[in-house]
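Only one structure is covered here, and it is reproduced in the block below.
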Amino acid sequence: MGKPSVKMAMSSSSHIYTPLLLLLLLACSCKASSEHAVDPTCPPAQTSAVWATAETSSCSAPQCQPSAPHIPVPVFPYDVDPLQFALNLEYTEAEFFLHAAYGVGLDQIAPNLTLGGPPPVGAMKANLDEVTWRVVAEFGLQEVGHLRAIQRTVGGFPRPKIDLSAKNFARVMDAAFGYKLNPPFDPYVNSLNFLMASYVIPYLGINGYTGTNPIIDGYDSKKLLAGLLGTEAGQDAVFRALLFERQRETVPPYKGITVAEFTDRISATRNQLGKCGVKDEGLTVPPELGAEGKICTNVLSADKDSLSYPRTPAQLLRILYLTGDEHVPGGFFPEGANGKIAREFLGKPFAAGDN
(Lines give C-alpha, C1' and ligand atoms only; values in the text may rest on other atoms or scores of the structure.)
Protein backbone atom coordinates (compact mmCIF):
# COMPACT_ATOMS: atom_id res chain seq x y z
CA MET A 1 0.00 0.00 0.00
CA GLY A 2 1.33 3.42 -0.87
CA LYS A 3 2.01 6.20 1.60
CA PRO A 4 0.42 9.64 1.65
CA SER A 5 2.58 12.31 0.09
CA VAL A 6 2.59 16.07 -0.01
CA LYS A 7 3.62 17.93 -3.12
CA MET A 8 3.45 21.66 -2.73
CA ALA A 9 5.67 24.25 -4.32
CA MET A 10 6.34 27.23 -2.12
CA SER A 11 9.15 29.56 -1.22
CA SER A 12 11.12 28.65 1.89
CA SER A 13 10.87 32.27 2.94
CA SER A 14 7.09 32.31 2.83
CA HIS A 15 5.31 31.97 6.14
CA ILE A 16 1.81 32.74 4.91
CA TYR A 17 0.80 29.21 3.98
CA THR A 18 2.68 27.34 6.70
CA PRO A 19 -0.35 26.71 8.96
CA LEU A 20 -2.34 25.44 5.97
CA LEU A 21 0.47 23.12 4.90
CA LEU A 22 0.83 21.71 8.40
CA LEU A 23 -2.89 20.99 8.53
CA LEU A 24 -2.65 19.22 5.19
CA LEU A 25 0.26 17.11 6.44
CA LEU A 26 -1.64 16.17 9.56
CA ALA A 27 -4.65 15.26 7.46
CA CYS A 28 -2.57 12.87 5.37
CA SER A 29 -2.63 10.24 8.12
CA CYS A 30 -6.39 10.35 8.54
CA LYS A 31 -7.98 11.31 5.22
CA ALA A 32 -8.30 9.63 1.89
CA SER A 33 -5.87 10.33 -0.93
CA SER A 34 -5.47 8.87 -4.38
CA GLU A 35 -3.45 6.05 -2.79
CA HIS A 36 -5.19 5.64 0.58
CA ALA A 37 -8.59 4.61 1.80
CA VAL A 38 -10.07 6.45 4.76
CA ASP A 39 -8.27 5.31 7.89
CA PRO A 40 -10.78 3.85 10.37
CA THR A 41 -8.27 4.26 13.19
CA CYS A 42 -8.73 8.05 13.08
CA PRO A 43 -12.05 8.62 14.89
CA PRO A 44 -14.12 11.71 14.18
CA ALA A 45 -13.75 14.26 16.94
CA GLN A 46 -17.36 13.80 18.05
CA THR A 47 -16.79 10.09 18.75
CA SER A 48 -13.45 10.43 20.56
CA ALA A 49 -13.67 9.94 24.32
CA VAL A 50 -10.45 11.89 24.88
CA TRP A 51 -11.70 14.76 22.72
CA ALA A 52 -14.89 14.85 24.76
CA THR A 53 -12.93 15.28 27.99
CA ALA A 54 -10.99 18.13 26.40
CA GLU A 55 -14.26 19.83 25.55
CA THR A 56 -15.72 19.47 29.06
CA SER A 57 -12.72 20.12 31.31
CA SER A 58 -10.46 23.12 31.87
CA CYS A 59 -6.75 23.15 32.58
CA SER A 60 -7.09 26.58 34.15
CA ALA A 61 -9.19 25.41 37.08
CA PRO A 62 -7.53 25.93 40.50
CA GLN A 63 -7.33 22.20 41.22
CA CYS A 64 -5.34 21.71 37.98
CA GLN A 65 -2.49 24.06 38.83
CA PRO A 66 0.95 22.65 39.78
CA SER A 67 2.55 23.33 43.13
CA ALA A 68 4.55 26.52 43.39
CA PRO A 69 8.23 25.99 42.48
CA HIS A 70 10.76 25.97 45.32
CA ILE A 71 13.02 28.25 43.29
CA PRO A 72 10.81 30.93 41.69
CA VAL A 73 13.04 31.53 38.66
CA PRO A 74 11.74 30.33 35.26
CA VAL A 75 15.09 30.18 33.45
CA PHE A 76 18.52 30.83 34.92
CA PRO A 77 21.11 32.35 32.57
CA TYR A 78 23.23 29.19 32.79
CA ASP A 79 20.26 27.06 31.65
CA VAL A 80 20.21 28.64 28.21
CA ASP A 81 23.28 27.24 26.47
CA PRO A 82 22.78 23.56 27.46
CA LEU A 83 19.13 23.64 26.40
CA GLN A 84 19.88 25.48 23.17
CA PHE A 85 22.56 22.90 22.37
CA ALA A 86 19.76 20.33 22.10
CA LEU A 87 18.46 22.16 19.04
CA ASN A 88 21.23 20.52 17.01
CA LEU A 89 19.75 17.07 17.55
CA GLU A 90 16.15 18.28 17.32
CA TYR A 91 16.83 19.93 13.94
CA THR A 92 18.47 16.70 12.77
CA GLU A 93 15.60 14.47 13.84
CA ALA A 94 12.96 16.82 12.47
CA GLU A 95 14.54 16.95 9.02
CA PHE A 96 15.25 13.21 8.91
CA PHE A 97 11.74 12.13 9.91
CA LEU A 98 9.81 14.78 7.97
CA HIS A 99 11.66 14.20 4.73
CA ALA A 100 11.37 10.42 5.11
CA ALA A 101 7.61 10.59 5.68
CA TYR A 102 6.51 13.55 3.57
CA GLY A 103 9.35 14.31 1.19
CA VAL A 104 9.60 17.86 2.59
CA GLY A 105 11.19 19.33 5.70
CA LEU A 106 11.15 22.33 7.96
CA ASP A 107 11.55 24.80 5.10
CA GLN A 108 8.07 23.83 3.91
CA ILE A 109 6.40 22.85 7.19
CA ALA A 110 7.76 25.35 9.74
CA PRO A 111 10.22 27.71 8.02
CA ASN A 112 10.10 30.17 10.91
CA LEU A 113 11.76 27.56 13.15
CA THR A 114 14.89 27.22 11.00
CA LEU A 115 15.93 30.78 11.91
CA GLY A 116 17.55 31.15 8.52
CA GLY A 117 19.85 28.11 8.61
CA PRO A 118 20.74 26.17 5.44
CA PRO A 119 18.62 23.23 4.25
CA PRO A 120 19.80 19.69 5.02
CA VAL A 121 21.93 17.73 2.56
CA GLY A 122 20.62 14.51 1.06
CA ALA A 123 17.40 14.08 3.03
CA MET A 124 14.68 12.38 0.99
CA LYS A 125 11.41 10.50 1.10
CA ALA A 126 11.88 6.91 2.26
CA ASN A 127 10.20 3.77 0.97
CA LEU A 128 8.26 2.93 4.14
CA ASP A 129 5.54 0.42 4.93
CA GLU A 130 2.29 1.67 6.46
CA VAL A 131 3.17 1.19 10.14
CA THR A 132 6.65 2.64 9.85
CA TRP A 133 5.34 5.60 7.85
CA ARG A 134 2.80 6.43 10.56
CA VAL A 135 5.41 6.24 13.31
CA VAL A 136 7.92 8.37 11.43
CA ALA A 137 5.32 10.93 10.33
CA GLU A 138 4.12 11.38 13.91
CA PHE A 139 7.64 11.68 15.27
CA GLY A 140 8.58 14.21 12.61
CA LEU A 141 5.68 16.45 13.56
CA GLN A 142 6.55 16.01 17.24
CA GLU A 143 10.02 17.36 16.51
CA VAL A 144 8.42 20.53 15.15
CA GLY A 145 6.83 21.01 18.57
CA HIS A 146 10.15 20.36 20.30
CA LEU A 147 11.90 23.04 18.27
CA ARG A 148 9.12 25.51 18.98
CA ALA A 149 9.14 24.76 22.72
CA ILE A 150 12.92 25.15 23.05
CA GLN A 151 13.01 28.39 21.08
CA ARG A 152 10.07 29.78 23.04
CA THR A 153 11.67 28.97 26.40
CA VAL A 154 15.37 29.75 25.90
CA GLY A 155 15.66 31.19 22.40
CA GLY A 156 17.46 29.54 19.54
CA PHE A 157 20.00 29.68 16.75
CA PRO A 158 19.92 28.97 13.01
CA ARG A 159 19.68 25.38 11.87
CA PRO A 160 23.22 24.11 11.17
CA LYS A 161 24.17 22.40 7.93
CA ILE A 162 23.07 18.77 8.41
CA ASP A 163 24.20 15.85 6.23
CA LEU A 164 21.39 13.28 6.04
CA SER A 165 22.55 11.74 2.78
CA ALA A 166 22.61 8.01 2.21
CA LYS A 167 26.37 8.37 1.74
CA ASN A 168 26.77 9.74 5.27
CA PHE A 169 24.72 6.93 6.81
CA ALA A 170 26.80 4.47 4.81
CA ARG A 171 29.89 5.96 6.47
CA VAL A 172 28.29 5.38 9.87
CA MET A 173 27.59 1.73 9.12
CA ASP A 174 31.01 1.16 7.53
CA ALA A 175 32.63 2.58 10.67
CA ALA A 176 30.49 0.28 12.82
CA PHE A 177 31.61 -2.84 10.94
CA GLY A 178 35.17 -1.76 10.21
CA TYR A 179 34.82 -2.33 6.47
CA LYS A 180 32.75 -1.04 3.56
CA LEU A 181 29.40 -2.75 3.26
CA ASN A 182 28.53 -3.84 -0.26
CA PRO A 183 26.26 -2.36 -1.46
CA PRO A 184 26.59 0.79 0.66
CA PHE A 185 23.94 1.07 3.37
CA ASP A 186 20.96 3.19 2.29
CA PRO A 187 18.52 4.34 5.02
CA TYR A 188 15.85 5.36 2.52
CA VAL A 189 15.53 2.14 0.53
CA ASN A 190 13.13 0.28 2.87
CA SER A 191 11.54 0.30 6.31
CA LEU A 192 14.08 -1.95 8.02
CA ASN A 193 17.01 0.17 6.88
CA PHE A 194 15.23 3.32 7.97
CA LEU A 195 14.54 1.87 11.42
CA MET A 196 18.21 0.98 11.82
CA ALA A 197 19.22 4.47 10.71
CA SER A 198 16.77 5.86 13.26
CA TYR A 199 18.57 3.78 15.88
CA VAL A 200 21.62 5.97 15.19
CA ILE A 201 20.29 9.42 16.19
CA PRO A 202 17.32 9.72 18.66
CA TYR A 203 19.02 7.76 21.45
CA LEU A 204 21.65 10.48 21.65
CA GLY A 205 18.88 12.91 22.61
CA ILE A 206 18.11 10.79 25.67
CA ASN A 207 21.80 10.84 26.61
CA GLY A 208 21.94 14.61 26.19
CA TYR A 209 18.82 15.44 28.19
CA THR A 210 19.80 13.02 30.97
CA GLY A 211 23.20 14.70 31.17
CA THR A 212 21.70 18.21 31.11
CA ASN A 213 19.18 17.67 33.90
CA PRO A 214 21.58 18.08 36.85
CA ILE A 215 23.06 21.36 35.57
CA ILE A 216 19.89 23.43 35.05
CA ASP A 217 17.69 24.91 37.75
CA GLY A 218 14.91 27.14 36.39
CA TYR A 219 11.42 25.72 36.78
CA ASP A 220 10.53 26.41 33.15
CA SER A 221 13.87 24.93 32.12
CA LYS A 222 13.20 21.76 34.13
CA LYS A 223 9.66 21.51 32.78
CA LEU A 224 10.93 21.81 29.21
CA LEU A 225 13.66 19.23 29.69
CA ALA A 226 11.33 16.72 31.38
CA GLY A 227 8.83 17.01 28.55
CA LEU A 228 11.50 16.63 25.89
CA LEU A 229 13.16 13.69 27.62
CA GLY A 230 9.87 11.85 28.04
CA THR A 231 8.99 12.10 24.37
CA GLU A 232 12.50 11.37 23.09
CA ALA A 233 12.71 8.29 25.31
CA GLY A 234 9.36 7.14 23.97
CA GLN A 235 10.48 7.59 20.38
CA ASP A 236 13.67 5.62 20.95
CA ALA A 237 11.73 2.87 22.74
CA VAL A 238 9.39 2.51 19.76
CA PHE A 239 12.29 2.20 17.31
CA ARG A 240 14.06 -0.32 19.53
CA ALA A 241 10.88 -2.37 20.04
CA LEU A 242 10.18 -2.50 16.30
CA LEU A 243 13.75 -3.61 15.69
CA PHE A 244 13.67 -6.11 18.57
CA GLU A 245 10.79 -7.93 16.89
CA ARG A 246 13.12 -8.49 13.96
CA GLN A 247 16.39 -8.91 15.86
CA ARG A 248 17.17 -12.36 14.44
CA GLU A 249 16.40 -11.39 10.86
CA THR A 250 19.27 -11.12 8.42
CA VAL A 251 19.47 -7.65 6.90
CA PRO A 252 19.37 -8.00 3.12
CA PRO A 253 21.52 -8.03 1.14
CA TYR A 254 24.16 -8.41 3.86
CA LYS A 255 24.30 -12.18 4.29
CA GLY A 256 24.83 -13.37 7.83
CA ILE A 257 24.43 -9.94 9.47
CA THR A 258 21.37 -9.72 11.70
CA VAL A 259 19.44 -6.73 13.00
CA ALA A 260 20.81 -7.45 16.49
CA GLU A 261 24.39 -7.34 15.21
CA PHE A 262 23.76 -4.03 13.47
CA THR A 263 22.54 -2.48 16.73
CA ASP A 264 25.41 -3.96 18.73
CA ARG A 265 27.97 -2.59 16.26
CA ILE A 266 26.35 0.86 16.15
CA SER A 267 26.27 1.08 19.94
CA ALA A 268 29.88 -0.08 20.23
CA THR A 269 30.94 2.58 17.70
CA ARG A 270 29.16 5.32 19.64
CA ASN A 271 30.90 4.16 22.82
CA GLN A 272 34.26 4.25 21.06
CA LEU A 273 33.69 7.69 19.58
CA GLY A 274 32.29 9.09 22.83
CA LYS A 275 35.37 7.83 24.71
CA CYS A 276 33.74 7.62 28.14
CA GLY A 277 32.94 3.97 28.70
CA VAL A 278 29.75 2.05 28.03
CA LYS A 279 26.81 4.40 27.64
CA ASP A 280 25.21 2.56 24.78
CA GLU A 281 24.00 -1.01 24.28
CA GLY A 282 22.44 -3.00 21.46
CA LEU A 283 19.20 -4.99 21.51
CA THR A 284 20.89 -8.01 23.09
CA VAL A 285 23.72 -8.02 25.63
CA PRO A 286 25.60 -10.51 27.77
CA PRO A 287 23.48 -11.17 30.90
CA GLU A 288 26.08 -9.29 32.96
CA LEU A 289 25.03 -6.09 31.18
CA GLY A 290 21.30 -6.84 31.25
CA ALA A 291 18.73 -5.78 33.84
CA GLU A 292 19.91 -6.92 37.29
CA GLY A 293 22.62 -8.95 35.54
CA LYS A 294 20.08 -11.67 34.74
CA ILE A 295 18.81 -11.23 31.20
CA CYS A 296 20.22 -10.74 27.73
CA THR A 297 17.10 -9.00 26.36
CA ASN A 298 17.87 -5.30 26.08
CA VAL A 299 14.90 -3.53 24.56
CA LEU A 300 15.89 -0.40 26.51
CA SER A 301 19.50 0.68 26.94
CA ALA A 302 20.20 1.49 30.60
CA ASP A 303 22.87 1.23 33.31
CA LYS A 304 23.18 -1.29 36.16
CA ASP A 305 20.31 0.41 38.00
CA SER A 306 18.23 0.58 34.80
CA LEU A 307 18.69 4.34 34.58
CA SER A 308 19.31 6.19 31.32
CA TYR A 309 22.94 6.87 30.45
CA PRO A 310 24.04 10.55 30.39
CA ARG A 311 26.38 12.13 27.88
CA THR A 312 27.92 15.61 27.80
CA PRO A 313 27.83 17.92 24.76
CA ALA A 314 31.48 17.08 24.05
CA GLN A 315 30.73 13.35 24.03
CA LEU A 316 27.73 13.85 21.76
CA LEU A 317 29.70 15.94 19.29
CA ARG A 318 32.46 13.33 19.09
CA ILE A 319 29.80 10.86 17.98
CA LEU A 320 27.79 13.13 15.70
CA TYR A 321 30.93 14.39 13.94
CA LEU A 322 32.10 10.76 13.51
CA THR A 323 35.59 12.04 14.31
CA GLY A 324 35.87 11.19 18.00
CA ASP A 325 36.88 14.82 18.56
CA GLU A 326 34.51 17.64 19.49
CA HIS A 327 36.97 20.07 17.89
CA VAL A 328 36.88 18.41 14.45
CA PRO A 329 33.54 18.63 12.60
CA GLY A 330 32.26 16.10 10.11
CA GLY A 331 29.62 13.40 9.91
CA PHE A 332 26.14 14.80 10.43
CA PHE A 333 27.50 18.35 10.86
CA PRO A 334 30.12 18.89 8.15
CA GLU A 335 30.58 22.54 9.16
CA GLY A 336 30.09 21.93 12.86
CA ALA A 337 27.06 22.06 15.12
CA ASN A 338 25.63 25.42 16.13
CA GLY A 339 25.14 27.24 19.43
CA LYS A 340 27.59 28.69 21.90
CA ILE A 341 28.79 25.35 23.32
CA ALA A 342 29.52 23.76 19.95
CA ARG A 343 31.13 26.89 18.46
CA GLU A 344 33.45 27.29 21.45
CA PHE A 345 34.79 23.77 20.85
CA LEU A 346 35.52 24.84 17.28
CA GLY A 347 37.16 28.07 18.42
CA LYS A 348 34.61 30.08 16.47
CA PRO A 349 32.59 33.00 17.81
CA PHE A 350 28.85 32.55 18.12
CA ALA A 351 26.02 35.01 17.78
CA ALA A 352 22.31 34.34 17.39
CA GLY A 353 22.48 34.94 13.64
CA ASP A 354 25.62 32.88 13.02
CA ASN A 355 25.93 29.40 11.66
Discussion item. Would Glu130 and Arg134 count as a salt bridge (charged side-chain N to carboxylate O under 4.0 Å, His left out) here? Give the steps.
Written reply: CA-CA 6 Å; Glu130 184 72 10; Arg134 291 186 179 280; 2.9 Å; yes
Worksheet item: Got a donor-acceptor contact below 3.5 angstrom from the Tyr91 side chain to the Leu113 backbone?
Response: yes
Worksheet item: Is the backbone of Asn271 close enough, under 3.5 Å, to the side chain of Asp280 for a donor and an acceptor to pair up by distance?
Response: no
Fill in: side-chain hydrogen bond (donor to acceptor under 3.5 Å, both in side chains) against Tyr309, all qualifying residues, sequence neighbours excluded
Glu281
Worksheet item: Going by the ring pair (Phe, Tyr, Trp, His ring centres under 6.0 Å) test, which pairs reach into residues 229-252, not counting sequence neighbours?
Response: Phe97-Phe239, Phe139-Phe239
Discussion item. Using only atom types and a distance under 3.5 Å, with no angle test, would you say the side chain of Thr132 pairs donor to acceptor with the backbone of Ser191?
Written reply: no
Item to complete: Under the side-chain hydrogen bond (donor to acceptor under 3.5 Å, both in side chains) rule, what do Asp163 and Ser165 come out as? Steps first, then yes or no, please.
Response: CA-CA 6 Å; Asp163 188 348; Ser165 65; 2.7 Å; yes
Worksheet entry | Residue pairs involving residues 68-88 (criterion side-chain hydrogen bond (donor to acceptor under 3.5 Å, both in side chains); sequence neighbours excluded) | Tyr78-Asp217, Asp79-Ser221
Practice prompt. Look at atom CD of Glu292 and say whether more than 12 heavy atoms of other residues, nucleotides or ligands are closer to it than 6.0 Å.
Written response: no
Worksheet item: Does Glu288 offer a backbone N or O that forms a donor-acceptor pair with the side chain of Lys304 under 3.5 Å?
Response: no
Worksheet item: Got a donor-acceptor contact below 3.5 angstrom from the Thr210 side chain to the Ser308 backbone?
Response: no
Item to complete: Measure from the side-chain N and O atoms of Glu95 to the backbone N and O of Thr92, and report whether any donor-acceptor pair falls under 3.5 Å.
Response: no
Worksheet item: Quick one: does Asp325's side chain have a donor or acceptor within less than 3.5 Å of a partner on His327's backbone?
Response: yes
Discussion item. For the backbone of Asp264 and the side chain of Ser267, can you confirm whether one donor and one acceptor N or O come within less than 3.5 Å of each other?
Written reply: no
Practice prompt. Measure the CG-CZ distance between Asn338 and Phe85 for me, rounded to the nearest 0.5 Å.
Written response: 10.5 Å
Worksheet item: Is there a path from Phe76 to Leu83 through hydrophobic residues (I, L, V, M, F, W, Y) whose side chains come within less than 4.5 Å of each other?
Response: no
Worksheet item: Honestly curious: do Val238 and Val299 fall in one hydrophobic cluster under the side-chain, below-4.5 Å linking rule?
Response: yes
Practice prompt. State which residue, out of Arg311, Glu232, Arg270, fulfils the side-chain hydrogen bond (donor to acceptor under 3.5 Å, both in side chains) condition with Asn207.
Written response: Arg311
Worksheet item: Are any non-hydrogen side-chain atoms of Ser301 and Arg240 less than 4.5 angstrom apart?
Response: yes
Discussion item. Is it the case that the side chain of Asn127 and the backbone of Val189 share a donor-acceptor pair, with hydrogens and angles ignored and the cut-off at 3.5 Å?
Written reply: yes
Discussion item. Any salt bridge linking Arg152 with Asp220? Criterion: basic side-chain nitrogen under 4.0 Å from a carboxylate oxygen.
Written reply: no
Item to complete: Determine the sole option in Leu204, Ile201, Ile162 for which the side chain to side chain contact (heavy atoms under 4.5 Å, CB included) test with Glu93 is passed.
Response: Ile201
Discussion item. Tell me if the NZ atom of Lys222 is crowded by more than 12 foreign heavy atoms within 6.0 Å.
Written reply: yes
Practice prompt. Please say which of Phe169, Tyr102, Phe332 ends up in a ring-ring contact (aromatic ring centres under 6.0 Å, His included) with Phe96.
Written response: Phe169
Worksheet item: Backbone N or O of Ala149 within a donor-acceptor pair of the Thr153 side chain at under 3.5 Å?
Response: yes
